[in-house]
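Everything on this sheet refers to the single structure shown next.
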2 protein chains.
Amino acid sequence: MLTDGPASGYDLKKHFESSFGHFFAAGYGSIYPALSALSKQGFVNCEKIPQDGKPDRKVYEITEEGRQFLLKALENPNPCHKLRSEFLATMCFAHLMPRKDVETVLDNRLEEIKRYQEMFRDIEGGGTSDWPGGMKFVLGFGEALAAAMETYINENRHLLAEKVVAKTATG
Amino acid sequence: MLTDGPASGYDLKKHFESSFGHFFAAGYGSIYPALSALSKQGFVNCEKIPQDGKPDRKVYEITEEGRQFLLKALENPNPCHKLRSEFLATMCFAHLMPRKDVETVLDNRLEEIKRYQEMFRDIEGGGTSDWPGGMKFVLGFGEALAAAMETYINENRHLLAEKVVAKTATG
DNA sequence: TGCAGCATGTAATTTGTTACATGATTAA
DNA sequence: TTAATCATGTAACAAATTACATGCTGCA
């Protein structure tokens, strides 16, 4: 992210909550240790800006070595892409759940999808014309997935409306 | 998975490589420790079946307590659903990469999607009529996402064909 | 002759999450 | 007066990956 300009850990967190959030999560517990590790390795420089009341603002800037390191990392021809979904795991067992609970889970998922869609709209509202094509591609990818999920859930939730079968020892 | 019938760790791994694989990954290093933990807690029982040459086959069966525990776990109204994609992270920086490399990454991703689609077809070829609706829903979900990704990549890869801009200190 | 499949696990390492700790400013 | 935003971090814990360790059978 620092290739786009210097930033503090706090700033980076905001990127993880908006544009990057849909495909990569990171909290302060990952970000701050990462920045100090990168600093030790010489991949970023840190400028401390004193502030009153708050801790010093630490603004990090990528170095030439950091840029070279990134370029090397980007050479991986097969970067991973993994979904981890407790939502789908839950749906596998819909037949063991009260139907009301299944509906709630689906409705909550649809709401989260809607929140993502609003986020995408907000980002685009802020103007994307000066962004690199890659960013537009990634944003569009997120939107396409969100739309596909929404459509799929709405059109197939009837599959989950089976009778509840008690599968106990007495079967 | 054991709600569907007894199985060994080795069997479970196969499920993680096929039907469950597209939304939840697990290797032996997770499965075997998990089974022995569940066994200690009384959520599964283990039957050892001696074999020649190979280690004993250990077949695990869910207990009534295990079933109750699962039911409790399924009560979460907001199960998570997270993507972690180094593929998308890479594409964010496409403008820093040689165009050939970008093309390779996209082609490799399309190939992996194709492999998933073949997997889905194989699973459905084996007959799905006796499956619970939840399983059909989850399989269909995976197919819908795969199709959406394929379409999106094919229709938008042109966004990644920008000129390579050298952004160094002299930039 | 070698590889894939069957079958189990442990140990070390790496990675990620959560809770804790501090504290001023500003808008509702 | 309450919550959100700004702003940093550490420590403990939980989870996941990878490498290691073993060894037979059957197919090409």
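Note on naming: letters A, B, ... go to the chains in the order of the sequence lines (proteins, then strands), and numbering restarts at 1 for each one.
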Would you mind checking if Lys114(B) and Glu150(B) are paired as a salt bridge, meaning a charged N to carboxylate O distance below 4.0 Å?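 Judged by the 4.0 Å cut-off on N to carboxylate O distance, Glu150(B) and Lys114(B) do not form a salt bridge.
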
Below 4.0 angstrom, N of the basic side chain to O of the carboxylate: do Arg99(B) and Glu103(B) qualify?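 No, Arg99(B) and Glu103(B) are not salt-bridged.
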
Have a look at Ser8(B) and say if it touches a base, only the backbone sugar-phosphate, or nothing, with a 4.0 Å heavy-atom cut-off. sugar-phosphate

In the structure I gave you, are the side-chain heavy atoms of Arg109(A) and Thr90(A) within less than 4.5 Å of one another anywhere?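 Answer no - side chains too far apart.
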
Show each protein N/O and nucleotides 16-19 of chain D N/O combination with a separation under 3.5 Å, one pair to a line.
from: dA16(D); atom 1: OP1; to: Arg84(A); atom 2: NH1; distance (Å): 2.5

Measure the distance from [atom1] on [X] to [atom2] on [N] and round it to the nearest whole Å.
X        : N       : atom1 : atom2 : answer
Tyr10(A) : dA7(D)  : OH    : C1'   : 7 Å
Asp56(A) : dT8(D)  : CG    : C1'   : 9 Å
Phe16(B) : dA15(D) : CZ    : P     : 14 Å
Leu12(A) : dA7(D)  : CG    : P     : 13 Å
Asp52(A) : dA7(D)  : CG    : C1'   : 12 Å

Between Pro55(A) and Ser36(A), who's closer to the 5' end of DNA chain D by nearest nucleotide? Pro55(A)

Contact list for residues 100-132 of chain A, test ring pair (Phe, Tyr, Trp, His ring centres under 6.0 Å), sequence neighbours left out: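 Of all non-adjacent pairs touching residues 100-132 of chain A, those that pass ring pair (Phe, Tyr, Trp, His ring centres under 6.0 Å) are His22(A)-Phe120(A).
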
Name all residues meeting the ring pair (Phe, Tyr, Trp, His ring centres under 6.0 Å) criterion together with Phe93(B); count only those two or more places apart in sequence or in a different chain, and write none if there are none.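 Checked Phe93(B) against ring pair (Phe, Tyr, Trp, His ring centres under 6.0 Å); zero matches.
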
Who pairs with Phe24(A) by ring pair (Phe, Tyr, Trp, His ring centres under 6.0 Å), at least two apart in sequence or on another chain? none

If each of Asp11(B) and Lys54(A) is mapped to the nucleotide of DNA chain C with the nearest heavy atom, which maps nearer the 5' terminus, i.e. the 5' end?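 Checking each residue's closest nucleotide, the 5'-ward one belongs to Asp11(B).
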
Go through DNA chain C in 5' to 3' direction and return only the first and the last nucleotide with some atom under 4.0 Å of chain A's heavy atoms.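 Here the contact window of chain A covers dT17(C) to dA24(C).
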
Under the rule for side-chain contact (heavy atoms from CB on, under 4.5 Å), what residues qualify as partners of Phe69(A), not counting sequence neighbours? Phe43(A)

Can you classify the ring geometry of Phe141(A) versus Tyr152(B) as parallel (below 30°), tilted (30 to 60°) or perpendicular (above 60°)?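 Rings of Phe141(A) and Tyr152(B): perpendicular, over 60°.
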
Between Thr104(B) and Asp107(B), do the side chains contain a donor N or O and an acceptor N or O under 3.5 Å apart? no

